[in-house]
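Report on the following structure.
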Amino acid sequence: MGALAGLMLATAACGSSGSSAGTQPAAGSSASAPAAVASAQAVVDQLLKPPTSLGVTDRLTKAPTGGTFVYLSCELALCQILNKNMSEAASAAGLGFKSIPIKSADPATLIAGMQQALTLSPPPVGVSFAGLPEAVWGSQVAAFAAAGVPLIPVGAGETSKSPAVPAGSLNGPADITAQAKAIASYFVANSAGRGKALVLNVPDIGAFKQFTGDFSSQVASACPGCSVKQVDITLAQTASNGVVPAVVSALQRDPSIDYVVTVEGEWTAGLVPAAKAAGRSGIHIVGINPTSVDQQAILAGTETAFVNIPLKITSWKAVDVALRYAQKMPIADGDGATPYQLLTKATITEPEDSVDAPSDYVAQFRKLWGLG
């Protein structure tokens, strides 16, 4: 599974796929193409540098004192990455770890898992899960507040911060906006301010829907010579290898499109040969949430650029939130900004499903936790 597909799955598929009207620059835009490209390139130049900060800097008031951390783990490979690394983070902090299986396509299993977690004695120090939006699990917040157990959603889109949801969502809306700006900047710079993009829109996944909107509006305001169209994708299509055929159909309808912007690298696997078989070549694939296969494709020159989501760091952040909650410390939205980097042929060293920088994140978290 790619870097975030499972993180943001919503409750049900709806509607059929289709492309919406292109997003165009505002009328009367005074920005010139050279100025737009120069501005975008400046952003790209910064994004090519590996981050050095975890986004959280305050040390715990004291070393962790035990307890059990719970992760409600779906069947997707993405969830397994989070599960493995939350277990390692919990172990480093001296916590026990319990994984409760759920099914990403069956929200009732999430609710059952949340309720099961609250039956543990003593209560867990934190409960994390990935992807399903607050509309699905919000009814459980009061029970967690009463039990004094923090909920730590990951990639759940817009999430109300409250005493029981102290960080809102990790990899939340502010991170999505930053990632959209990163890919929009790359698109503008790489296309010399003349790109025609087709961006995947998954309306049932709030975070992906936000990315599509943020990317489109960023391009519209920054690049007078660019244009963006959207192709709507249902959850049923994501689960049945239906994304590539929908994208190829959209490319055939508009031969001017030269960039495909994906919100999940895995969903567009095989797009290049499928498009070529349909008479479309020279398509640049960019986006967020790359798999190791996407990174290999970048190195091979068949895909172009992605922004990573550091799943290992996110896993450690989830445990960090629980530790801060236990010590009644302030907790920033998302436990601070997510560190990310633009992955291109110039920045990829060894492809892997989670590219995490800063690379010394374990040592940094241990220092924050007073563990040396």
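Because the structure is a prediction, the values reported are computed rather than measured. Scope of the values below: all heavy atoms of this structure, side chains included, with no hydrogens, waters or symmetry mates.
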Test: Glu158 and Lys209 ion pair at under 4.0 Å: no
NZ/Lys84: more than 12 non-hydrogen atoms of other groups inside 6.0 Å: no
Flag, side chain of Gln116 to backbone of Ile100, donor-acceptor distance under 3.5 Å: no
Mutual orientation of the aromatic rings belonging to Phe365 and Trp369 [parallel < 30°, tilted 30-60°, perpendicular > 60°]: tilted
Pair Glu266-Thr291, side-chain donor/acceptor within less than 3.5 Å: no
OG1 on Thr302 to NZ on Lys276, rounded to 0.5 Å: 10.5 Å
Short side-chain to backbone donor-acceptor contact, Lys317 and Gly336, under 3.5 Å: yes
Residue pair Leu47, Lys181: steps toward the side-chain contact (heavy atoms from CB on, under 4.5 Å) verdict: CA-CA 11 Å; Leu47 292 169; Lys181 181 179 180 181; over 6 Å; no
Ser191 (side chain) donor-acceptor with Phe187 (main chain) under 3.5 angstrom: yes
Full working for side-chain contact (heavy atoms from CB on, under 4.5 Å) between Val248 and Leu271: CA-CA 8 Å; Val248 170; Leu271 175 58; 3.8 Å; yes
Donor-acceptor side-chain pairing of Trp267 and Asn289 below 3.5 angstrom: no
Check ion pair Lys229-Asp254 (N to O, under 4.0 angstrom): yes
Aromatic ring pairing Phe129/Trp137, orientation class (parallel under 30°, perpendicular over 60°, tilted between): perpendicular
Residue pair Val199 / Ser216, side-chain heavy-atom distance below 4.5 Å: yes
Pairwise distance CG(Asn171) to CG(Leu311) - rounded to 0.5 angstrom: 7.5 Å
Least distance between heavy atoms, Ala36 atom then Cys223 atom: CB-CA, 4.2 Å
Check: Gln341 main-chain N/O paired with Asn308 side-chain donor or acceptor under 3.5 Å: yes
CG-CG distance between Leu323 and Leu368, expressed to the nearest 0.5 angstrom: 10.5 Å
Non-hydrogen atoms of Pro290 and Val307 that approach each other most closely: CD-O, 3.4 Å
Expected output: side-chain Ser39 to main-chain Ala35 donor-acceptor under 3.5 Å: no
Short side-chain to backbone donor-acceptor contact, Arg324 and Asp335, under 3.5 Å: no
Pairwise side-chain contact, Leu200 with Thr268, heavy-atom cut-off 4.5 Å (strictly under): yes
Separation of Thr159 OG1 from Lys161 NZ (nearest 0.5 Å): 12.0 Å
Side chain proximity check, Cys79 to Ser73, heavy atoms < 4.5 angstrom: yes
Which atom of Cys226 lies closest to which atom of Val219, heavy atoms considered: CB-CG1, 3.7 Å
Contact check, side chains of Phe97 and Thr68, non-hydrogen atoms, under 4.5 Å: no
Nearest atoms (heavy-atom pairs only) where Leu342 meets Ala305: CD1-CB, 4.4 Å
Separation between CG of Asp106 and CD of Glu75, rounded to the nearest 0.5 Å: 9.5 Å
Evaluation steps, side-chain contact (heavy atoms from CB on, under 4.5 Å), between Val355 and Ile309: CA-CA 7 Å; Val355 179; Ile309 302 294; over 6 Å; no
Check: Leu371 main-chain N/O paired with Arg366 side-chain donor or acceptor under 3.5 Å: yes
Hydrophobic cluster identity match, Val293 and Val263, side-chain contacts under 4.5 Å: no
Joint cluster assignment, Leu72 & Ile111, ILVMFWY side-chain distance < 4.5 Å: yes
Asp258 side-chain N/O to Lys196 backbone N/O, donor-acceptor pair under 3.5 Å: yes
Check: Phe306 and Ile285 side chains under 4.5 Å, non-hydrogen atoms: yes
Sole residue of Asp294, Thr344, Asn190, Ile298 in side chain to side chain contact (heavy atoms under 4.5 Å, CB included) with Thr304: Asn190
Val165 and Ser160, any side-chain heavy atoms less than 4.5 Å apart: no
Thr212-Gln230 side chain donor-acceptor pair, cut-off 3.5 Å: no
Identified side-chain hydrogen bond (donor to acceptor under 3.5 Å, both in side chains) counterpart of Asn83 within the set Ser128, Ser99, Ser315: Ser99
Under 3.5 Å side-chain donor-acceptor pair for Gln41 and Asp45: yes
Backbone of Ala174 reached by a side-chain donor or acceptor of Gln210 within 3.5 Å: no
Test log, rule side-chain contact (heavy atoms from CB on, under 4.5 Å), inputs Tyr259 and Leu198: CA-CA 6 Å; Tyr259 283 77; Leu198 177 72; over 6 Å; no
Residue pair Thr61, Gln327: steps toward the side-chain hydrogen bond (donor to acceptor under 3.5 Å, both in side chains) verdict: CA-CA 7 Å; Thr61 55; Gln327 297 185 15; 2.6 Å; yes
Gln364 to Pro358 - nearest heavy-atom pair and separation: NE2-CG, 3.5 Å
Backbone of Val243 reached by a side-chain donor or acceptor of Gln237 within 3.5 Å: no
Side chain to side chain, Pro351 and Leu299, heavy atoms closer than 4.5 Å: yes
Test side chain to side chain contact (heavy atoms under 4.5 Å, CB included) applied to Leu170 and Asp333, Asp175, Thr338, Thr314, the passing residue: Thr314
Side chain proximity check, Ser162 to Val141, heavy atoms < 4.5 angstrom: yes
Point-to-point distance, once rounded to the nearest 0.5 Å, from CZ of Phe215 to CG of Asn201: 12.5 Å
Chi angles and distances behind the salt bridge (Lys or Arg N to Asp or Glu O under 4.0 Å) call for Lys345, Glu303: CA-CA 9 Å; Lys345 190 177 290 189; Glu303 297 183 15; over 6 Å; no
Non-hydrogen atoms of Asp356 and Ser354 that approach each other most closely: OD1-OG, 2.5 Å
